[in-house]
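Numbers restart at 1 for each chain; the letters A, B, ... are given by sequence-line order, proteins then strands. Fair warning: this is a prediction, and the values are worked out from it, not measured in the lab.
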Amino acid sequence: MTNIPDKPSLDGIEARWMKRWEADGTYRFDRGASRDQVFAIDTPPPTASGALHIGHVFSYTHTDTIARFQRMRGRSVFYPIGWDDNGLATERRVQNVTGVRCDPSLPFDPEFKAPYNGDVPKDHRAIPVSRPNFVDLCHGVIHDDEEVFEQLVRRLGISIDWSLLYTTIGPRAQRTSQLAFLHNLARGEAYQQDAPTLYDIDEHTAVAQAEMEDRDVPGAYYKLAFHRYEGEDLLIDTTRPELLASCVAMVAHPDDARYQPLFGTTVRTPLFGVEVPLLAHHLADPDKGTGLAMICTFGDVTDVTWWRELNLPSRALIGFDGRMAIDTPGWITSPAGQAAYAHVAGLGPKPAQRKIVELLGQSGEMLGEPRPISHPVKFYERGSRPLEIVATRQWYIRNGGRDLVLRNALLARGDQLNWHPAYMRNRYQNWVGGLNGDWLVSRQRYFGVPIPLWYRLDDEGNSLYDEVLIPDDSQLPIDPSVTCPAGFDEDQRGKPAGFIGDPDVMDTWATSSVTPHIAGGWVDDPDLFARVFPMDMRPQGHDIIRTWLFASVVRSHHEHGCLPWTNAAISGFILDPDRKKMSKSKGNVVTPINLLEAFGTDAVRYWAASGRPGVDTAFDEGQMKIGRKLGTKLLNATKFVLGFGEPPADAAPTVAIDLAMLARLAEVIDDSTRALDEFDYARALERTETFFWWFCDDYVELVKSRAYGSQADVAAHSARAALRQALDIVHRLFAPFVPFVTEEVWSWWHDGSVHASPWPAADMPASIGDVSLLVPVGEVLAAVRRAKTEAKLSQRATVDELIVDGPPAAVAAIEACRADLAEAGGIATFTLSEGETLMIAVRLAPSTDV
RNA sequence: GGGCGCAUAGCUCAGUUGGUUAGAGCACUGCCCUUACAAGGCAUAGGUCGGGGGUUCGAGUCCCUCUGCGCCCACCA
């Protein structure tokens, strides 16, 4: 069958084939397949915020090329997708869209309606709503976002099986996440601890090490005088004078001769007159400032270390809202000190600092002017103010940060994983080797998977955190603020001798770290799970190796004692043409939908697939134009080749040049197959593309006269058979990269989808022909073209005489293609002789033009 | 301070165990309306492969070193 359009076109092919693939179930996972026949992908669940980022196009295309390749190789591809809709990103979006904020102290209002829908005025003050109302609003917004997002992802031609769609806030995800947590708890891998914790005072939540980043911010050194009972004042440099009231000690290095005589003595703090000891600790740096530091509870993580290792008291004053405690603390006993504190009580960090500096100036206990500096400060990656350290009870999962044996086991998992590209392994090792604590998984937020626990209350109504009440697995998912633990009644909630639900939700990574389990049906479909786990491939960006990848390895290591997948395929970032990372905050993001419309999906995918694994790639419309050209060329070349008609059934390539072309193609197949097996889609595309353009420009030009029938029938049949065989293979080699146009041209002469056809791995041996033939033949062809171009003649111009003199092998090769060359070049007399080196002389016909 | 990556034509990049005169595309220039394709084709030109040193018969490729750019990590008072 052939059904070739008169005017082939790329217009509208996306919509046509998307519809067809969906109707035919082309990408449907065959769940009858056994594990060894399955290729399972742990697709990154994007945050469905309504806008598709060019980075999605880039990385999802990379994964899709591998998925399509494996499908054509005969694997049943398990290719799910989910929407990562729980967590702070969604909460923020909901706040911005609807103009509310969550206040968990409020009661549920069944009549509540959001005041706005995306049109919140600038001066609007967020309306507080109850947690159940807030969660309802979140569900509404994400539902709308996800419909939009699905259309966008479909538009990319990503061959996921949409019947496997999940969300990270959905019941199955919640159940999976909670069950995994309870297993961690039962095995002792999850534990709670009341300890100083990095805390975001705007988002009102603790954050994990993996979510922190350093930012350089302006600050200043202030030189403060601490008073000795005898002798001169001791001077320290600090960037945080506002913490002076929380000072618990001073510290210097044990080897620091300047302070050695004073170790063990006490000094009085400026302004507040609190007596603190001068202690020795090796972390104090003699070269920094005066070599003397004040220890406050808590200015930074070093303070926490000192506090813990030197057994110091806690004098924390900064609350969860970042403000100084209202009541004057008991350790400030002097009237002057109490008066000073009254000035800063209730102030936030910045105003408190200004006030303290002002007071120190007045008292003369600040020496000289502040010296402005720029210094790195820890921030929550989504936060806007520096993190504070507050003591709070939180849940942790062991990740090797406090346990060398576990750390080494997890480092070994990193070695065991196949990284593409291999050097990405270093990011993992670097991160795991540098952990300084376990994974803090509890978040004081609202739209997430609840920590599925309750606590008993004592007779006074205080929480007994050691008496954890655990739900039965069959109850999951639960919200402990709604569901009641076994053996209790709802009216005992919050009452003495009753119970209280854990108010927190889990870190969003605590749920995304079990995406293989969510997608694979760990909790409700063990048969499916056995067919897909451990998965084959985890595609993701290098920026989330320390979070998503590492957390997933931790969970799988604890739960199954193995890796969750065998391969990690790491994509790079998109850089704008000035080579800056594209991100929303920089405002240099390109909206891909316009590109998809301007160039077509295949063209944009072509650009994406030319970015090598792991390499940050510049956004380049030029590459998309080339991709568009490739699509057009595939249409035209296919139309042309098929236009020669089918050779007789028993026809086969017999002519040397035809066999040589097929031999070259066989090499391309080998190369491309090997590359895709190693997840190097870019190399596979490049090889196929190079072949294809050579095929069109040289081979087809050379044999088209013969294919039309200028020579013997058997020779014509050889050309037609070779052309069709090559075309068939080329369509399949390109299919993973440009799925729409390959499906289009394939449909002209085949039943069924090209994406369901076998990968051409074993179509023919490279020994089918002699590729070395192609070199001298190509040189003759090029020489003839050059001569015509230099004479400013048309390529159709006649060559009076072509004289070729060369080594025997070259002469033999050219002799074998003599007739094709003569016809392609319009050569009247063709003289061929043996000599030392290849010499080509072209004598053109005298111009008959005016 | 530690780790990783990159540096090849004006631009974007290939160059896979070291092997003959270093490649492609885009851009530039010239030519060709050629019956698959003018939203095309053909061709010319363009590089001391970041600098220096070393190993080797031979180095863009391996080793050392320096420089520049980028990323990750770090206990940053």
Side-chain angles (χ1 to χ4, degrees), chain A residues 4 7-8 10 213-217 219 221 236-240 243 250-251 281-285 288-296 299-306 373-378 421 423-436 542-543 545-546 572-573 575 577 579-581 607 610-612 614-623 625-626 628-629 631-644 671 674-675 678 680 682-683 686-687 689-690 693 696-697 700-701 704 708 781-782 784-797 826:
Chain A
I4 309 162
K7 284 205 171 291
L10 298 173
E213 63 184 25
D214 288 353
R215 292 183 204 161
D216 272 315
V217 296
Y221 272 123
I236 60 122
D237 281 316
T238 180
T239 56
R240 300 206 59 186
L243 292 172
M250 305 192 72
V251 67
H281 193 277
H282 68 274
L283 282 182
D285 183 352
K288 203 165 274 179
T290 62
L292 198 57
M294 68 169 180
I295 303 174
C296 302
D300 62 24
V301 291
T302 313
D303 278 344
V304 177
T305 307
W306 281 327
I373 54 160
S374 175
H375 64 150
V377 174
K378 290 209 181 300
Y423 61 77
M424 288 296 178
R425 172 178 283 113
N426 297 312
R427 301 268 182 123
Y428 177 95
Q429 306 293 17
N430 209 342
W431 175 256
V432 179
L435 287 169
N436 52 31
H542 55 66
D543 53 329
I545 289 173
R546 69 178 186 171
F573 287 138
L575 308 174
R579 306 206 66 83
K580 295 275 185 295
K581 183 192 169 187
W607 158 75
S610 58
R612 303 191 94 80
V615 178
D616 292 348
T617 302
F619 172 75
D620 184 1
E621 288 196 7
Q623 279 295 106
K625 286 185 184 143
I626 300 164
R628 181 78 180 182
K629 257 174 68 174
T632 305
K633 195 73 172 180
L634 271 167
L635 293 177
N636 287 317
T638 301
K639 180 182 170 195
F640 186 56
V641 167
L642 295 182
F644 292 118
D671 233 10
R674 240 194 319 275
E678 287 301 308
D680 192 349
R683 180 185 172 82
E686 189 215 316
R687 290 302 147 120
E689 189 191 9
T690 301
W693 286 102
C696 291
D697 295 343
V700 173
E701 288 301 322
K704 67 186 188 185
Y708 273 128
L781 189 63
V784 170
R785 284 171 173 166
R786 193 179 308 122
K788 291 178 181 177
T789 298
E790 280 169 1
K792 306 200 171 192
L793 291 173
S794 157
Q795 290 298 325
R796 294 175 77 191

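- Both Arg427(A) and Thr638(A) lie close to RNA chain B; mapped to their nearest nucleotides by heavy-atom distance, the more 5′-ward contact belongs to Thr638(A).
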Kindly give the atom pairs (protein nitrogen or oxygen, nucleotide nitrogen or oxygen) under 3.5 Å for nucleotides 5-9 of chain B.
none

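- Atoms CE (Met424(A)) and P (rC72(B)) sit 11 Å apart, rounded to a whole Å.
- If you take CG of Leu642(A) and C1' of rC37(B), they are 15 Å apart, rounded to a whole angstrom.
- Between His542(A) and Phe573(A) the shortest heavy-atom distance is CE1-CE1, 3.1 Å.
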Tabulate protein N/O versus nucleotide N/O from nucleotides 24-35 of chain B, keeping only pairs under 3.5 Å, one per line.
| from | atom 1 | to | atom 2 | distance (Å) |
| --- | --- | --- | --- | --- |
| rC26(B) | OP1 | Lys629(A) | NZ | 3.1 |
| rU35(B) | O4 | Arg796(A) | NH2 | 2.6 |

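- Side-chain contact between Lys633(A) and Asp697(A): present, with at least one pair of heavy atoms (C-beta onward) separated by less than 4.5 Å.
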Dot-bracket for RNA chain B, please, read 5' to 3', with Watson-Crick or G-U wobble pairs under 3.5 Å on both distances, ( ) within the strand, [ ] crossing, | other strand, . unpaired. (((((((..((((.....[...))))..((((.......))))......(((((..]....))))))))))))....
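- Once rounded to the nearest 0.5 Å, the distance linking CG of Leu635(A) with OG1 of Thr632(A) reads 6.0 Å.
- Between Lys7(A) atom NZ and rC37(B) atom C1' the separation is 10 Å, expressed in whole Å.
- Residues Tyr221(A) and Thr239(A) are in side-chain contact: their nearest non-hydrogen atoms beyond the backbone lie under 4.5 Å apart.
- Looking at heavy atoms from C-beta onward, Glu689(A) lies in side-chain contact with Trp693(A) at the 4.5 angstrom threshold.
- Here, rU67(B) and rA59(B) have their P atoms 26 Å apart, quoted to the whole Å.
- In terms of heavy atoms, Asp237(A) sits closest to Thr290(A) at OD2-N, 3.9 Å.
- Closest contact between the side chain of Asp697(A) and the listed nucleotides rC42(B), rA14(B), rA36(B) involves rC42(B).
- Note: Lys378(A) NZ to Arg215(A) CZ = 12.0 Å, rounded to the nearest 0.5 Å.
- When distances are taken from the side chain of Asn430(A) to each of rC42(B), rC72(B), rC13(B), the shortest belongs to rC72(B).
- On the C1' atoms, rC69(B) is 11 Å away from rG50(B), given to the nearest whole Å.
- Regarding Glu621(A), its CD atom lies at a distance of 15 Å from the C1' atom of rC11(B), rounded to whole Å.
- OP1 or OP2 of rU44(B) lies within a sub-4.0 Å distance of a side-chain N or O belonging to Arg786(A).
- Under the salt bridge (Lys or Arg N to Asp or Glu O under 4.0 Å) criterion, Asp671(A) pairs with Arg674(A), Arg683(A), Arg687(A), sequence neighbours left out.
- Distance, Leu634(A) CG to rG40(B) C1': 15 Å, rounded to whole Å.
- Nucleotides rU21(B) and rC64(B) place their P atoms 28 Å apart, quoted to the nearest Å.
- Considering only heavy atoms from C-beta on, Trp431(A) stays 4.5 Å or farther from Ile545(A) through its side chain.
- In plain terms, the two heavy atoms of Ile4(A) and Lys639(A) that are nearest each other are CG2-CG, 3.5 Å.
- Using a 4.5 Å heavy-atom threshold, the side chains of Asp680(A) and Arg612(A) count as touching.
- Counting to the nearest Å, the C1' atom of rC37(B) and the CZ atom of Arg628(A) are 14 Å from each other.
- Cys696(A) comes within contact range of at least one nucleobase, with a heavy-atom separation under 4.0 Å.
- Nearest heavy atom pair, residue Gly299(A) against residue Asp303(A), reads N-OD2, 2.8 Å.
- Side-chain atoms of Arg785(A) and Gln795(A), non-hydrogen and from C-beta on, do get closer than 4.5 Å to each other.
- Interatomic distance, CE of Met250(A) versus CD1 of Ile236(A), reported as 5.5 Å (0.5 Å rounding).
- For Lys625(A) and rC37(B), the NZ to C1' distance is 19 Å, given to the nearest whole Å.
- Using atom P as the reference point in both rC31(B) and rA36(B), the two lie 25 Å apart (nearest Å).
- Heavy atoms only, all atoms of each residue included: Met294(A) and Arg240(A) are closest at CE-O, 3.6 Å.
- The same atom, C1', is picked in rC6(B) and in rU12(B); the two are 14 Å apart, to the nearest Å.
- One P atom belongs to rA45(B), the other to rC66(B), and the distance between them is 41 Å to the nearest Å.
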Please write out each protein N/O paired with an N/O of nucleotides 74-77 of chain B under 3.5 Å, distance rounded to 0.1 Å.
| from | atom 1 | to | atom 2 | distance (Å) |
| --- | --- | --- | --- | --- |
| rA74(B) | OP1 | Gln209(A) | NE2 | 3.1 |
| rC75(B) | O2' | Thr302(A) | OG1 | 3.1 |
| rC76(B) | O5' | Lys288(A) | NZ | 3.3 |
| rC76(B) | O2 | Pro376(A) | O | 3.3 |
| rC76(B) | N4 | Lys378(A) | NZ | 2.4 |
| rA77(B) | OP2 | His375(A) | ND1 | 3.2 |
| rA77(B) | O3' | Asp237(A) | O | 2.7 |
| rA77(B) | O3' | Thr238(A) | N | 3.3 |
| rA77(B) | O3' | Thr238(A) | OG1 | 3.0 |
| rA77(B) | O3' | Thr239(A) | N | 3.1 |
| rA77(B) | N6 | Asp285(A) | N | 2.8 |
| rA77(B) | N6 | Asp285(A) | O | 2.7 |
| rA77(B) | N1 | Asp285(A) | N | 3.1 |

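- Arg674(A) comes within 4.0 angstrom of nothing in the nucleic acid, heavy atoms only.
- Nucleotides rU48(B) and rG52(B) have their C1' atoms positioned 14 Å apart, rounded to a whole Å.
- Nucleotides rU61(B) and rA7(B), compared at atom P, are 12 Å apart to the nearest Å.
- The separation between Asp620(A) atom CG and rA14(B) atom P is 13 Å, rounded to whole Å.
- Lys633(A) has no side-chain polar atom (N or O) that falls below the 4.0 Å cut-off from OP1 or OP2 of rA39(B).
- Residues passing the side chain to side chain donor-acceptor pair (under 3.5 Å) test with Ser610(A) are Gln623(A), sequence neighbours excluded.
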